[in-house]
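Structure first, then comments.
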2 protein chains.
Amino acid sequence: MRARDPQRVVTVTDIANAIGVSRATVSLVLRDSPLVHADTRARVEAELKRQRYVYNRGAANLRRRTSSSVALVINDLSNPFFAEFAAGVDEALGEKGYVTLLGSTGESPERQQAVLASLMEHTPAGVILSPAEGSDAAQLHKVLDTRANVLLFNRELAGADDWGFLGLDNQRGAQLATEHLIALGHRRIAFYGGHADSSSCRQRRAGHARAMKRAGLPVDPSWLIESAPNRLEAAAGTAKLFGDQAPPTAAVCYNDTVALGLMLGLLARGIQPGKGFAVTGFDDIPEAAVTTPPLTTLAVNPRERGRQAAQLVLAQLAEGTAPDRTIAPVTLSVRESSGAALK
Amino acid sequence: MRARDPQRVVTVTDIANAIGVSRATVSLVLRDSPLVHADTRARVEAELKRQRYVYNRGAANLRRRTSSSVALVINDLSNPFFAEFAAGVDEALGEKGYVTLLGSTGESPERQQAVLASLMEHTPAGVILSPAEGSDAAQLHKVLDTRANVLLFNRELAGADDWGFLGLDNQRGAQLATEHLIALGHRRIAFYGGHADSSSCRQRRAGHARAMKRAGLPVDPSWLIESAPNRLEAAAGTAKLFGDQAPPTAAVCYNDTVALGLMLGLLARGIQPGKGFAVTGFDDIPEAAVTTPPLTTLAVNPRERGRQAAQLVLAQLAEGTAPDRTIAPVTLSVRESSGAALK
DNA sequence: CTGAAAGCGCTTACAG
DNA sequence: CTGAAAGCGCTTACAG
């Protein structure tokens with residue numbers, strides 16, 4: 001954190017002195033006050049331009065006790081789901097005159113604490129946080145004041161009811177995928193991947209269970225298979241599907257990454273995804289459309305979710321409304337990985 | 001831009017009053033000055049913790065005339081190349097105690113002006129900018145002071161020699177791809193896609209030309225085909241490759257997106273990419289590894305480039321060094337789309 | 001080693 | 001409609 005160029009910077013005082021008005025008058029012009037005489041305003045504006053004045057929003061924020069930034073803390077931008085989400089957040093914030101302060105946790109609760117502490121020093125007007133796996137609400141409260149304007153995204157957190165929440169309709173999504181497979185004739189459908197202790201995995205599992213129950217289909221416990229949500233582990237776990245004498249013929253996967261891993265694992269066993277075994281994902285990342293075969297999955301429209309998150313956090317600010325719990329819809333996008341109707 | 005909660009915020013004055021020292025002493029403790037007696041320091045630190053003091057970096061920056069942020073302005077985060085780049089920038093800035101201010105242009109020079117003007121009001125210590133297509137250096141100088149600490153990334157700009165530049169070795173990359181195809185036996189190799197007036201396209205075309213010339217192969221002008229760098233236009237232009245009686249047997253594409261589009265276009269004509277026609281890309285976006293067939297392309301390691309950009313912009317700041325021109329290497333990643341040796 | 005005072009660039013009552 | 005003064009939260013010479 002080195003000093004900036006200490007070169008002279010043009011301030012309201014310079015403008016005021018140059019044309020013989022007070023700093024207050026210049027400030028009023030900058031803030032578009034109707035109190036200033038049109039002539040005076042014109043002279044001030046001309047001088048602002050002439051001296052290439054740049055407003056110092058930090059100084060103004062300090063004096064007014066306002067903020068024009070919102071912190072966005074996510075796992076990692078290299079995940080296209082979060083990249084799209086961040087793009088949506090930034091877009092919507094920009095429209096309202098706010099700037100996005102970026103932070104990433106890399107799924108580490110410790111890094112998350114450090115990143116949030118650092119961002120809080122920049123006095124953001126709000127914080128949009130997709131909590132790292134294993135986050136602890138008590139720890140977060142230490143660094144994010146209760147009064148802070150926080151919106152949690154994507155991952156539910158026990159003990160964080162004083163903050164807003166925006167989530168996806170995980171249960172309904174998994175239910176849609178499962179119903180789709182059932183309609184194609186599948187009876188033995190696994191739920192594959194994710195950590196059973198994460199809220200999103202629990203909810204997706206519940207959707208799967210619900211669809212099966214509604215169709216009067218039993219669920220063998222061996223069909224509920226955990227796996228870290230990355231391609232490698234998902235591929236490595238493929239064998240767990242085929243231990244039984246009557247193995248599943250399809251799997252609803254925790255997310256697209258897991259589904260892509262599973263498809264690799266199937267191929268390694270000589271099974272054609274979409275032919276010998278049906279697979280669905282969750283998220284609709286860009287890769288989903290171009291894999292072989294293309295992946296049936298649940299579209300969540302992360303960019304729109306980002307815009308929504310920005311709006312929610314600004315609304316909390318403006319109206320001082322009680323932080324809300326918002327659930328966004330998801331839609332099934334059918335492609336070839338779920339295959340044709342079963343033989 | 002609404003007021004924050006006007007609730008009382010703990011300041012150095014509160015801490016000082018609480019334990020009967022001066023604000024200066026508290027400030028010295030905060031900044032880890034050795035001037036403070038160990039006992040005093042301990043008392044101050046305890047009180048800071050007790051009152052859950054949060055440092056106001058904005059106020060400190062104002063007083064010290066420093067900045068602890070860097071603006072990052074890119075086309076769009078939904079491009080995985082830029083998302084990875086941004087992740088690298090943020091990571092490296094965070095390590096040095098800086099925060100990333102995000103902005104996106106959507107390839108619009110007008111939006112770019114607006115976004116930069118807004119970001120400059122937050123007094124960033126530096127600006128990392130990947131200029132939107134059609135950017136004008138004169139316009140940029142209006143909003144980015146000459147004294148501003150700017151690093152241009154990826155796209156060269158005439159009249160911007162007062163700013164730093166970090167680019168990819170476009171020429172060498174395209175040359176590597178072309179040489180690879182020549183080694184496989186191809187003689188008629190097109191350069192497909194991109195806008196010929198963009199610096200990166202010119203450089204990549206130069207690499208293609210150079211490899212052909214070195215191998216003593218002629219280049220028919222009809223093999224140099226322009227196309228907007230998106231999948232749709234790239235697919236639509238496929239026919240332009242096959243107008244001649246002796247059409248090319250391979251194409252070095254401007255980037256991966258163009259290559260993926262071309263592969264779709266080839267399939268639509270009943271040509272198997274990697275079998276009937278060889279294709280290479282540029283960027284190595286995540287999709288490149290999972291398309292059918294996987295895409296031979298040039299890996300540019302965007303995350304590492306992001307880290308490098310952050311380091312360069314901070315170095316410019318610290319040392320006041322003359323802004324440098326840095327060219328980062330690229331490496332060929334051979335996959336099936338470039339096919340086996342020609343018949 | 002600690003305190004009193006001034007000031008970063010801005011805004012906001014309060015007079016006039 | 002405009003100006004003088006105070007203050008946002010911090011830091012930095014300067015005394016002591």
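Naming convention: chains lettered A, B, ... in sequence-line order (proteins, then strands); numbering from 1 in each chain.
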Salt bridge between B:E156 and B:R325, side-chain N to carboxylate O under 4.0 Å?
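A salt bridge links B:E156 with B:R325.
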Polar contact flag, side-chain donor to acceptor under 3.5 angstrom, [X]-[Y]:
X	Y	result
A:N61	A:T123	no
A:D76	A:S78	yes
B:Q112	B:S135	yes

Would you please classify the geometry between the A:F153 ring and the A:F82 ring as parallel, tilted or perpendicular, with 30° and 60° separating the classes?
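Because their plane-to-plane angle is over 60°, the rings of A:F82 and A:F153 count as perpendicular.
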Reading DNA chain C 5' to 3', what string of ( ), [ ], | and . shows its pairs, if Watson-Crick and G-U wobble pairs count only when both distances fall under 3.5 Å?
|||.||||||||.|||
With salt bridge (charged side-chain N to carboxylate O under 4.0 Å, His left out) as the rule and sequence neighbours excluded, what pairs involving residues 119-141 of chain B come up?
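Passing the test, one end in residues 119-141 of chain B: A:R57-B:E121.
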Could you work out, with side-chain hydrogen bond (donor to acceptor under 3.5 Å, both in side chains) as the rule, every residue matching A:Q113, not counting sequence neighbours?
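Checked A:Q113 against side-chain hydrogen bond (donor to acceptor under 3.5 Å, both in side chains); zero matches.
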Rounded to whole angstroms, how far apart are CG on A:D39 and C1' on D:dT2?
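The answer, rounded to whole Å, is 14 Å.
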Nearest whole angstrom, please: distance from the P of D:dG16 to the CG of B:L35.
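Going from B:L35 (CG) to D:dG16 (P), I get 18 Å.
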Under 4.0 Å, heavy atom to any atom of DNA chain C: which of residues 40-52 of chain A qualify?
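When residues 40-52 of chain A is checked for heavy atoms under 4.0 Å from DNA chain C, there are no hits whatsoever.
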Any non-hydrogen side-chain atom of B:V9 less than 4.5 Å from a side-chain atom of B:N56?
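Of all side-chain heavy-atom pairs linking B:N56 with B:V9, none is under 4.5 Å.
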Any residue meeting side-chain contact (heavy atoms from CB on, under 4.5 Å) with A:H141, in chain and number order, not counting sequence neighbours
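Testing A:H141 for side-chain contact (heavy atoms from CB on, under 4.5 Å), a comparison that skips the adjacent residues, returns A:A137, A:T146, A:D162, A:W163.
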Just one of A:Q51, A:R43, A:K49 clears the side-chain hydrogen bond (donor to acceptor under 3.5 Å, both in side chains) bar with A:E47, so which one?
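Considering A:Q51, A:R43, A:K49, a side-chain hydrogen bond (donor to acceptor under 3.5 Å, both in side chains) with A:E47 is found only for A:Q51.
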Once base and sugar-phosphate atoms are separated, protein heavy atoms under 4.0 Å mark nucleotides 9-15 of chain C, 5' to 3', with B, S and - as BBBB---
